[in-house]
Amino acid sequence: MTLLSPAERSYLRDSLTASPIIRPDSRTPHQFRPIEAKTSFLSSSNGSARVRLIDGSECIVSVKAKVVDLASVSNLVEVDIDVDSFRDDSNFVTNLKFHILNSLANFPSTVLKLTTKYGYKLFIDVIVTSHSSYPLTLISLATYLALKTARLPKLVSEVNDEEIAEQPTFADDWAESTLIQDLLDAPFQPPVLITLGIIGNNIIFDPSIEEEQIIDNSLVIGFYNGRVITPINTISLSSISNGVNSIVLVKALELGNKYGGMVVKALDTLIEQDIDDENIF
Amino acid sequence: MELYSPEGLRIDGRRWNELRRFECKINTHPHSADGSSYVEQGNTKIICMVRGPMEPAMKSQVNATSSTVEVNVSLANFSTFERKKRSKTDKRITELKTTLERTFNECIMGHLYPRTLISVTVQVLAQDGGLLAAMTNAVTLALIDAGIAMYDYVSGVNAGLYDQTSALLDLNTLEENDMCSLTIGVIGKSEKLALVVLEDKLPLDRLESVLAIAIAGSHRIRELMDMEVRKHGNMRLAKVSV
C-alpha cells in the first residue's frame, strides 16, 4: 500500500532522521498516540476491554475462563485473533497470534489451577474491528487491560481432591469473585508489547501508518516486571527492510527500559479511573 | 423451567407485550467508518459500521442503475455463554447476511447512488435472542448515520407463540429455544413488512396475533431509535451553530 508520494517520503525521512526527531504528528520519539479505553463491559465474559486509537483503530478483547480437566489440555491460555478483512490462516493473523501467545509464555498458570485435577483454561479472544498501522501494540494493550480486570468466581468446594473425586463448585455471589492479581502474592502484570520504529540511528515508539512507510525496520519488544524481556523480534512493516545494527539495538533496549514503565503505569491509571457501568462507549 | 407463568409473567419478569431494555447509540466510530451504531437489545450487543457509498473493488459489484449493499456478519467467539469458534462461512451466518442484504437493498434509495457499493459490517459481541432483529436495528441506525437516503426506518423485533396460545414479544435465548418464533422488520410507522423470517412452524390461525404484537413492538423500537437519532442530530447542530 502506497500512501506517500516520493517527495513526501523524502521530507518525512529527513525529519525523522534529524536530530531532534520531528514526527509528523508532533509527538516526541517515545510518545504513544492517545488511546481511549473501556473495560468490563461484557457481562458474559470474565474480563473485557476495548482500546481505540486516535486514527480510529479499534480492538476488543474478551477473556473467558472455562473449567477443564488438567490432564486433557496442554496449555491453559489460548489466544484467538480475528482481524477484519484478513483470513484466520493468513500470515498476518498468524504472526500477531504468535507474538501475543509468546508474550504470555510466562503467564502465572499456577493461579489457574483449582484442584489437583481441575483448572481454568483462559480463552483470550481478540477482535480488531479496524486498523491502519500494525495492530500488535494495540492488541497487546487491550489484552493487558482485559487480563488485569478479569474476575474469576470463588471456589467453594474442596481444593484437595486427590482422594475423593469432586467436581469444583463455585460461589453464586459474583461480588466474591477475585481478580487474578488477588490470587497471586506478587502484583500481576501481563507483558506489554511495544512496537519501535528504527530509522537511521533514531528510534520512534508506536509508529503511525505514515511513519511505517518509511522506517528501515521495526522491533517488537516485550516489557514485563519493570524491564524489557526476550524475545525481541524484528518485523518489517514496509517494503524497505534493512538490518538492525547493534548500537541501535542497545539504544532500543535502553529506551524500552526507560519508558516501558510509563506505558504500564498509564494503563493501570486507566483501570483505576474507569467507571464500572457496563457501557461500552 | 416455566417460561410463562399462569399469572402472566415471563422468566425475566416481563409481561407478554413488553420489550427488553433497548439502548442504542449512533456515530460511535466517527474516525473508522462513514456511519456507525451500537445497539443493545436485552443482553444482545451489536456494533455496526457502514462504509460508502464508495467505488466497488470488484467490477461484479457494479450496478449501473443502483447501489449494491454488501453485508458482512461476524459473530464473536465469546458472544454466546459457552465460547464457540465459528467459521466465517457458517451456513447460519451466510443466511443472516443474505437476509440483511435483501432487506436493505429494497429500503435504501439505491437509484440515487448508481455504480456504488455500500459496505456494512455487523459485529455481534453478545447474543441473547433476537439476533436478526437487533442486527436490523443496528444496520438501520448506521445507515442513517452515514447519511444514506432510505425510505424510512426499518425496525425489527421477534415474537413467539407460547404453548400454541399466547403470543410473547421480544424473546430472549431461553424463550427462543423453546418456542416457535418469527422476526419481522417494519418500515417506519406503517404496517408494511420489509422482513419476515419464520424458521419453525407456527399455526396459521395464530399468525395474526403474533404479527400484531410484533408490529406494535417494532413501532416502539422505531420511536426509541428516532429519539436517539434526533438527540444526536441536535447535539451535532448545537456544535455547528456555536
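We use all heavy atoms of the structure for the numbers below, so side chains are in, but hydrogens, waters and symmetry mates are not.
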(request) Please name the pair of heavy atoms, one in A:S208 and one in A:R33, separated by the smallest distance, quoted to 0.1 Å. (result) CA-NH1, 3.8 Å
(message) Sub-4.5 Å heavy-atom contacts with chain B: which residues of residues 173-181 of chain A show up?
(response) none
(message) Looking at A:D82 and B:R86, is there a salt bridge between them, counting it only when a charged N and a carboxylate O are closer than 4.0 Å?
(response) no
(request) Could you look at A:N46 and say if it's the side chain, the backbone, both or neither that has a heavy atom under 4.5 Å from chain B? (result) neither
(request) Against chain A, label B:T80 side chain, backbone, both or neither, depending on which of its atoms sit under 4.5 Å from a heavy atom there. (result) backbone
(message) So for A:I54, is it side chain, backbone, both, or neither that comes closer than 4.5 Å to the heavy atoms of chain B?
(response) backbone
(message) How close do B:I46 and B:A138 get, counting heavy atoms only, and between which atoms?
(response) CG2-CB, 3.8 Å
(request) Enumerate the residue pairs fulfilling ring pair (Phe, Tyr, Trp, His ring centres under 6.0 Å) with a member in residues 31-62 of chain B, sequence neighbours excluded, ordered by first and then second residue. (result) A:F281-B:Y38
(message) Looking at B:R92 and B:D90, is there a salt bridge between them, counting it only when a charged N and a carboxylate O are closer than 4.0 Å?
(response) no
(request) Among B:K25, B:H29, B:K85, single out the residue with the greatest number of heavy-atom pairs under 4.5 Å to chain A. (result) B:H29
(message) Quick check: do A:F205 and A:F32 have side-chain heavy atoms less than 4.5 Å from each other?
(response) yes
(request) If the plane angle is over 60° it's perpendicular, under 30° parallel, otherwise tilted; pick one for A:F92 and A:H131. (result) parallel
(message) Just so I understand: if I count every heavy-atom pair under 4.5 Å between each of A:T129, A:I280, A:V63 and chain B, which residue has the most?
(response) A:I280
(request) May I ask you to check whether over 12 heavy atoms, not counting those of B:E95, lie within 6.0 Å of atom CD? (result) no
(request) Answer yes if the ring centres of A:F107 and A:F188 are under 6.0 angstrom apart, and no otherwise. (result) yes
(request) Would you mind checking which part of B:F81 comes under 4.5 Å of any heavy atom in chain A, side chain (CB onward), backbone (N, CA, C, O), both or neither? (result) backbone
(message) For B:R51 versus A:D84, what's the shortest heavy-atom pair and its separation?
(response) NH1-OD2, 4.3 Å
(message) When you compare the side chains of A:S130 and A:E58, does any donor N or O come within less than 3.5 Å of an acceptor on the partner?
(response) no
(request) For chain A, find its close neighbours in residues 221-241 of chain B: heavy-atom separation under 4.5 Å, sorted by number, or none. (result) none
(request) State whether a side-chain donor-acceptor pair under 3.5 Å links A:E8 with A:S5. (result) yes
(request) Identify which part of A:E36 has an atom lying under 4.5 Å from any heavy atom of chain B, answering side chain, backbone, both or neither. (result) neither
(request) Return each pair, listed once, that meets salt bridge (Lys or Arg N to Asp or Glu O under 4.0 Å) where at least one residue sits in residues 127-138 of chain B; pairs must be two or more places apart or across chains. (result) B:R20-B:D128
(request) Could you tell me which portion of A:S43 (side chain, backbone, both or neither) has an atom closer than 4.5 angstrom to a non-hydrogen atom of chain B? (result) both
